[in-house]
Amino acid sequence: MKKMICLLVIALMIASVAFAAAKKITPEDLAGLKGTWEGMWDLGLMGAQTASAPCKLEILNDAVPVHIKLTVSNIPDFVASQAGIAGGTHVYESYDGVITSNGTLMWTGSQASFLEISMGKKKLSGSYWFRTIKGYVSLKKK
């Protein structure tokens, strides 16, 4: 009986992971992604999370290359100084968004930076690299 319960629990865990897995983004999805997404930007130094900041991602068109405007607010001074920027609010724009072979959207920037997002159920999540800061972002449509 214990083995049966264990197997059932494992099967449910696998099913929940498969259900929660990100959907591959296709060109047909871009119209639905267009608009304003808000959430939290986890700030990390060399991969270790050190703080979070509110952010807004505006997807401004619905065709490749995808144009975005990203606003990250309230970046703490101790994190910003490690990246060689000022604390506070920063706004970035990128015009080079592409759909990758993995079904994610990716933007690249100067200084070996990138932002890659995937689509989940009613949310976007992703990872980024900016100078020495590596972290994650989670967004919901406004």
Side-chain angles (χ1 to χ4, degrees), residues 3-142:
K3 287 182 183 179
M4 184 63 90
I5 292 172
C6 252
L7 289 173
L8 180 60
V9 169
I10 290 171
L12 288 173
M13 288 174 58
I14 291 170
S16 67
V17 169
F19 182 74
K23 175 191 178 302
K24 286 192 172 197
I25 296 172
T26 66
E28 292 77 28
D29 295 319
L30 294 178
L33 294 176
K34 184 178 175 183
T36 302
W37 297 78
E38 293 182 341
M40 292 304 291
W41 194 264
D42 293 331
L43 305 164
L45 298 175
M46 299 305 280
Q49 182 183 346
T50 57
S52 293
C55 68
K56 178 171 64 172
L57 175 70
E58 298 171 77
I59 299 179
L60 301 170
N61 67 332
D62 58 4
V64 174
V66 180
H67 174 203
I68 61 167
K69 180 178 177 183
L70 173 67
T71 305
V72 182
S73 304
N74 302 324
I75 299 173
D77 289 335
F78 75 93
V79 174
S81 66
Q82 295 295 315
I85 60 175
T89 299
H90 287 268
V91 179
Y92 304 96
E93 284 196 61
S94 180
Y95 298 86
D96 69 351
V98 297
I99 298 173
T100 69
S101 60
N102 293 331
T104 61
L105 277 173
M106 178 178 269
W107 295 268
T108 57
S110 61
Q111 302 161 0
S113 61
F114 75 87
L115 168 63
E116 183 174 23
I117 61 170
S118 59
M119 184 170 62
K121 196 170 191 175
K122 298 183 182 181
K123 71 175 189 170
L124 297 177
S125 58
S127 59
Y128 71 91
W129 181 267
F130 178 75
R131 297 184 183 178
T132 61
I133 299 175
K134 179 181 179 185
Y136 303 94
V137 62
S138 179
L139 305 159
K140 290 186 178 184
K141 196 154 192 184
K142 183 177 175 184

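Just the heavy atoms: all of them, side chains too, but no hydrogens, waters or symmetry mates, feed the values below.
Taken from OG in Ser81 to CD1 in Ile75, the straight-line distance is 11.5 Å, to the nearest 0.5 Å. Here the straight-line distance linking atom OG1 of Thr108 with atom CE of Met106 works out to 8.0 Å at 0.5 Å rounding. Residue Leu105 holds its CG atom at 6.5 Å from CD1 of Ile59, rounded to the nearest 0.5 Å. Put simply, CE on Met119 and CG on Leu33 are 5.5 Å apart, with the number rounded to the nearest 0.5 Å. Expressed to the nearest 0.5 Å, how far NZ of Lys69 lies from NZ of Lys56 amounts to 6.5 Å. Tyr136 OH to Asp42 CG: the interatomic distance, rounded to the nearest 0.5 Å, is 9.5 Å.
Applying the side-chain contact (heavy atoms from CB on, under 4.5 Å) rule to Asp62 yields the partners Leu30, Ala31, Lys34; only residues at least two apart in sequence or on another chain are considered. Qualifying salt bridge (charged side-chain N to carboxylate O under 4.0 Å, His left out) partners for Glu38, counting only residues two or more places apart in sequence or in other chains: Lys142. In terms of the side-chain contact (heavy atoms from CB on, under 4.5 Å) criterion, residue partners of Tyr95 (sequence neighbours excluded) are, by chain and number, His67, Glu93. Taking the ring pair (Phe, Tyr, Trp, His ring centres under 6.0 Å) definition, one finds that Trp107 meets it with nothing, sequence neighbours left out. Under the side-chain contact (heavy atoms from CB on, under 4.5 Å) criterion, Ser73 pairs with Pro54, Thr71, Thr89, not counting sequence neighbours. Not counting sequence neighbours, Ser101 has no partner by the side-chain contact (heavy atoms from CB on, under 4.5 Å) test.
Thr26 and Ile99 make their closest contact through C-CD1, 3.6 Å (heavy atoms, listed as atom of the first residue, atom of the second, distance). Across Gly87 and Asp77, no two heavy atoms sit closer than the pair CA-OD1, 3.3 Å. A pairwise comparison of heavy atoms in Leu139 and Cys55 identifies CD2-SG, 3.5 Å as the closest pair. Heavy-atom minimum distance, Ala51 versus Val79: CB-CG2, 4.3 Å. Shortest non-hydrogen contact noted between Leu57 and Ile117 is CD2-CD1, 4.2 Å. Of all the heavy atoms in Leu43 and Ala53, the pair that sits closest is CD1-CB, 4.0 Å.
Between the side chain of Asn61 and the backbone N or O of Ala63 there is at least one donor-acceptor pair closer than 3.5 Å.
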* Asked: For Ser127 and Phe114, what are the C-alpha separation, side-chain angles and deciding distance, and is it a side chain to side chain contact (heavy atoms under 4.5 Å, CB included)?
  -> CA-CA 8 Å; Ser127 59; Phe114 75 87; 4.2 Å; yes
* Intermediate values then yes/no, side chain to side chain contact (heavy atoms under 4.5 Å, CB included), Tyr92 and Leu115 -> CA-CA 11 Å; Tyr92 304 96; Leu115 168 63; over 6 Å; no
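Residue Lys123 places its NZ atom among 12 or fewer non-hydrogen atoms of other residues, nucleotides or ligands, all under 6.0 Å distant.
Ring pair Trp41/Tyr128 is parallel by interplanar angle, where below 30° counts as parallel and above 60° as perpendicular.
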